[in-house]
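Start at 1 with the first residue, then count along the sequence. In listed order, ligands and their atoms are each counted from 1. Predicted model only: the values in this text are computed from it and were never measured.
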Amino acid sequence: MSEEQRVNGGRIKPDLENNVGETEKDYSQYFETVYTEPSLKKARKRGGEEIAYFDDFEIDERFQGMGVGRKFFIKTYGCQMNEHDTEVIAGIFTVLGYEVADTVEDANIILLNTCAIRENAENKVFGELGHLKPLKQRNPDVLIGVCGCMSQEESVVNKILKTYDQVDMIFGTHNIHRLPNIIHEAYMSKEMVIEVWSKEGDIIENLPKVRHGDIKAWVNIMYGCDKFCTYCIVPYTRGKERSRRPEDIILEIRQLAAQGYKEITLLGQNVNAYGKDFEDLDYRFGDLMDDLRKIDIPRVRFTTSHPRDFDDHLIEVLAKGGNLVEHIHLPVQSGSTSMLKIMGRIYSREEFLELVRKIKVAIPDVSLTTDIIVGFPNETDEQFEETITLYEEVGFETAFTYIYSPRDGTPAEKMADNIPMDVKKARLQRLNKLVNEYSAKALKRFEGQIVEVLVEGESKRNEEVLSGYTRQSKLVNFRGPKSITGQLVYVKIKEAKTWSLDGEFIGVVEKKEVMI
Ligand code: 5AD
Ligand code: SF4
């Protein structure tokens, strides 16, 4: 293995200058815009491709200054991963000279960064494309683009090609760094520009970012998912599990700390699988958290985790506390072992409960939250009841709850389903009632306590009031000087409301010792 490959974890880094990779692989695609549409068949494949690692992103001379005097507007749908991708896209636009537009009317380029997780997420995007049609007719020079998870779907691209001719460009989640070429092509071409690679994915470092806010920041630690839960589209839209090098992550977080950020949220579809793909390193998520604990940044969170890869070492490290907060989002999806099996979740109800027991013993004041799907094909009343009893047994503090939505090309889509929609809706209602009861109870327990709050600024509802979140992700509203925005403060909780806590400002938290 060459020195460079060793440094990059056995990954191949193509020689960009000579346009040749260190392997036989053809990297010419990184230079010329290729018209490629997504392929479900290719998106399903795992293991065949090298992961290319790039750390020398730069804007080609041809495109420098391309955006001067022009503005961009990005509308983001879906999860934090997408929000963070939008920060990268905004970073690339900014380097090209574009400025942010306040409204779509004011923009020269409009991008929809889309989510494919459920049908209603997709319908919102199609609705928005419909709304943008008159604008495009009034102003044919405006460019409209679709990116994000929906653009990775063959069926979506076909639908856009057929029905939404107001769209000028479609690019995929693996093609973000190619934005300058894609925009250039869209300016030059009369045809819709489509560049979507259905591949396992690369790792591209040093992409520019325009972060949203200066208090909290997102940091990707890994990309993709190999779990292939039978209902889920993500492994097809985001590619194979691939981890960023620890040194790159640590450097990024140190820089954020130096810039004054107070909270980091580590992002990955399945952060617990972090490091599994390293060939040269025995370094997993627990090791990363142990290293991040030593960085002088007050809070580190992560989302989202899969119960299967949540190992004892990780629990042991999280129990050390310090900047590792007492909140774990642990999607369970169902409380029934037989249903979990059909969902492809690779753990049983009992195994999940055992994991929860271990976490609670190690971190007594942990707040556990979850994701649940109801109305999976043929879910019986008994299976649904098991979800209810599991929720009670764990005592989750809140949950994101969903009705199952069939996704194109997933195994579950092909399952016959004998559960009527009104039964699914009734189950969701019943579950949501329980979730709300537990959320209220979880807030109530803070009454009278003094909690640490990271102040984010004026409350959305009342500018006289400040708001922020506790370590366990509870929203707190209180009165205090605006000057404490961005600081960690102590607040005494007076009253638990339905969705938040009301409190009284006590004082600023003195800088804590970094835990080693
Ligand atoms: N239908 C409904 N919910 C889904 N999720 C993922 N795929 C689907 C689907 N096809 C939910 C899961 C996951 C969360 C991000 O979205 O609960 O944890
Ligand atoms: Fe989807 Fe399952 Fe991967 Fe989560 S772990 S992204 S639910 S396939």
Side-chain angles (χ1 to χ4, degrees), residues 43-44 46 77-83 114-124 148-150 152-153 155-156 173 200-201 220-243 267-274 276-277 285 302-310 328-336 339-347 352 355 368-379 384 387 390-391 396 398-415 417 419 421 424-425 427-428 431-432 435:
R44 243 185 222 129
R46 284 293 183 272
Y77 300 80
C79 66
Q80 288 154 323
M81 188 72 77
N82 255 19
E83 296 277 355
T114 62
C115 169
I117 201 95
R118 281 169 293 276
E119 195 185 355
N120 58 3
E122 297 201 346
N123 287 343
K124 279 190 211 157
C149 286
M150 277 172 72
Q152 291 291 141
E153 289 183 278
S155 55
V156 167
T173 57
E200 296 183 5
N220 275 125
I221 64 163
M222 63 176 301
Y223 306 93
C225 181
D226 287 348
K227 288 286 181 287
F228 287 98
C229 301
T230 55
Y231 50 82
C232 187
I233 192 86
V234 170
Y236 310 89
T237 62
R238 291 276 173 178
K240 174 189 164 89
E241 284 176 358
R242 53 209 192 275
S243 309
L267 296 180
Q269 308 300 343
N270 174 15
V271 290
N272 314 72
Y274 178 79
K276 271 180 148 182
D277 54 322
F285 189 51
F302 58 88
T303 191
T304 184
S305 42
H306 190 292
R308 173 67 182 218
D309 295 321
F310 213 109
I328 300 174
H329 186 67
L330 197 58
V332 67
Q333 314 298 357
S334 165
S336 149
M339 181 49 72
L340 287 167
K341 196 155 182 210
I342 303 169
M343 288 177 159
R345 291 292 290 178
I346 39 183
Y347 54 84
F352 185 85
L355 172 62
L368 289 171
T369 57
T370 198
D371 292 348
I372 293 175
I373 298 176
V374 301
F376 194 80
N378 309 316
E379 183 189 49
F384 173 67
T387 296
L390 178 109
Y391 199 94
F396 287 114
T398 194
F400 297 111
T401 57
Y402 311 100
I403 290 183
Y404 164 72
S405 168
R407 303 286 65 214
D408 234 21
T410 58
E413 184 215 4
K414 291 170 196 71
M415 296 177 192
D417 187 1
I419 310 296
M421 189 43 91
K424 298 186 185 206
K425 284 187 179 161
R427 284 181 188 161
L428 184 70
L431 177 62
N432 284 346
V435 169

Please test Leu390 against Phe396 for side chain to side chain contact (heavy atoms under 4.5 Å, CB included), starting from the C-alpha separation and ending with a verdict. CA-CA 9 Å; Leu390 178 109; Phe396 287 114; 4.1 Å; yes

When you measure from atom 1 (N) of ligand 1 to every protein heavy atom, which one gives the shortest distance, and what is it? Ser405 N, 2.9 Å

With atoms numbered from 1 as shown, which atoms in ligand 2 lie under 4.0 angstrom from a non-hydrogen atom of Cys232? 1 (Fe), 6 (S), 7 (S), 8 (S)

Subset of ligand 2 atoms that lie under 4.0 Å from at least one heavy atom of His306: 5 (S)

Select the closest option to atom 6 (S) of ligand 2 among Thr410, Val234, Thr237, Asp371, judged by heavy-atom distance. Val234

Considering only protein heavy atoms, which is closest to atom 3 (Fe) of ligand 2, and at what distance to one decimal place? Cys225 SG, 2.2 Å

Number the atoms of ligand 2 from 1 as they appear, then name those within less than 4.0 Å of a heavy atom of Arg345, with their elements. 2 (Fe), 5 (S), 7 (S)

Could you please spell out the steps behind the ring-ring contact (aromatic ring centres under 6.0 Å, His included) verdict for His329 and Phe302? CA-CA 8 Å; His329 186 67; Phe302 58 88; 9.8 Å; no

Report yes or no: does Ile403 have a heavy atom closer than 4.0 Å to ligand 1? yes

Considering non-hydrogen atoms of the protein only, which is the closest contact for atom 7 (N) of ligand 1, and what is the distance? Tyr231 CD1, 3.3 Å

Is a donor from one side chain sitting under 3.5 angstrom from an acceptor on the other, for Glu241 and Asn270? yes

Output the list of atoms in ligand 2 that are nearer than 4.0 Å to some heavy atom of Phe228, sorted by atom number. 8 (S)

Where the side chain of Glu119 meets the backbone of Ser405, is there a donor-acceptor pair that is under 3.5 Å apart? no

Check each atom of ligand 1 against the heavy atoms of Gln333 and keep those under 4.0 Å away; list them by number with element. 12 (C), 13 (C), 17 (O), 18 (O)

shortest atom 8 (S) of ligand 2-to-protein heavy-atom contact is with Cys229 N, 3.4 Å

Distance under 6.0 Å and angle within 45° of the ring axis: does Arg407 meet both against Tyr231? no

Considering only non-hydrogen protein atoms, determine which one is nearest to atom 16 (O) of ligand 1 and report residue, atom name and distance to 0.1 Å. Arg118 NH1, 3.0 Å

If every non-hydrogen atom of Lys424 is compared with every non-hydrogen atom of Ile419, which pair is closest and at what distance? CE-O, 3.3 Å

Thr370 vs Gln333 side-chain heavy atoms within contact, under 4.5 Å: no

Any idea which atoms of ligand 1 are less than 4.0 Å away from a heavy-atom of Arg407? 10 (N)

Students should be able to answer this: which protein heavy-atom is nearest to atom 7 (S) of ligand 2, and at what distance? Tyr231 OH, 3.4 Å

Among Asp371, Thr304, Ile372, whose heavy atom sits nearest atom 15 (C) of ligand 1? Asp371

The answer for which part of Ile117 has a heavy atom under 4.0 Å from ligand 1 is both

Interfacing atoms of ligand 1 (cut-off 4.0 Å, heavy-atom, Tyr404): 1 (N), 2 (C)

Start with the C-alpha gap between Met222 and Gln269, add the side-chain angles, then the distance that decides, and say whether side chain to side chain contact (heavy atoms under 4.5 Å, CB included) holds. CA-CA 8 Å; Met222 63 176 301; Gln269 308 300 343; over 6 Å; no

Taking the non-hydrogen atoms of Arg238, is any one of them nearer than 4.0 angstrom to ligand 2? no

Over all atoms of both residues, closest heavy-atom pair of Pro307 and Leu355: O-CD2, 3.6 Å

Would you mind listing which atoms of ligand 2 come within a distance below 4.0 Å of any non-hydrogen atom of Pro235? 8 (S)

Of the backbone atoms (N, CA, C, O) and the side-chain heavy atoms from C-beta on, which set of Tyr402 has a member under 4.0 Å from an atom of ligand 1: side chain, backbone, both, or neither? side chain

Residues Arg242 and Asp226 bridged, charged N to O under 4.0 Å: no

Show your working on ring-ring contact (aromatic ring centres under 6.0 Å, His included) between Phe228 and Tyr236 and close with a plain yes or no. CA-CA 9 Å; Phe228 287 98; Tyr236 310 89; 5.5 Å; yes

Between Asp277 and Lys240, is the closest basic N to carboxylate O distance under 4.0 Å? no

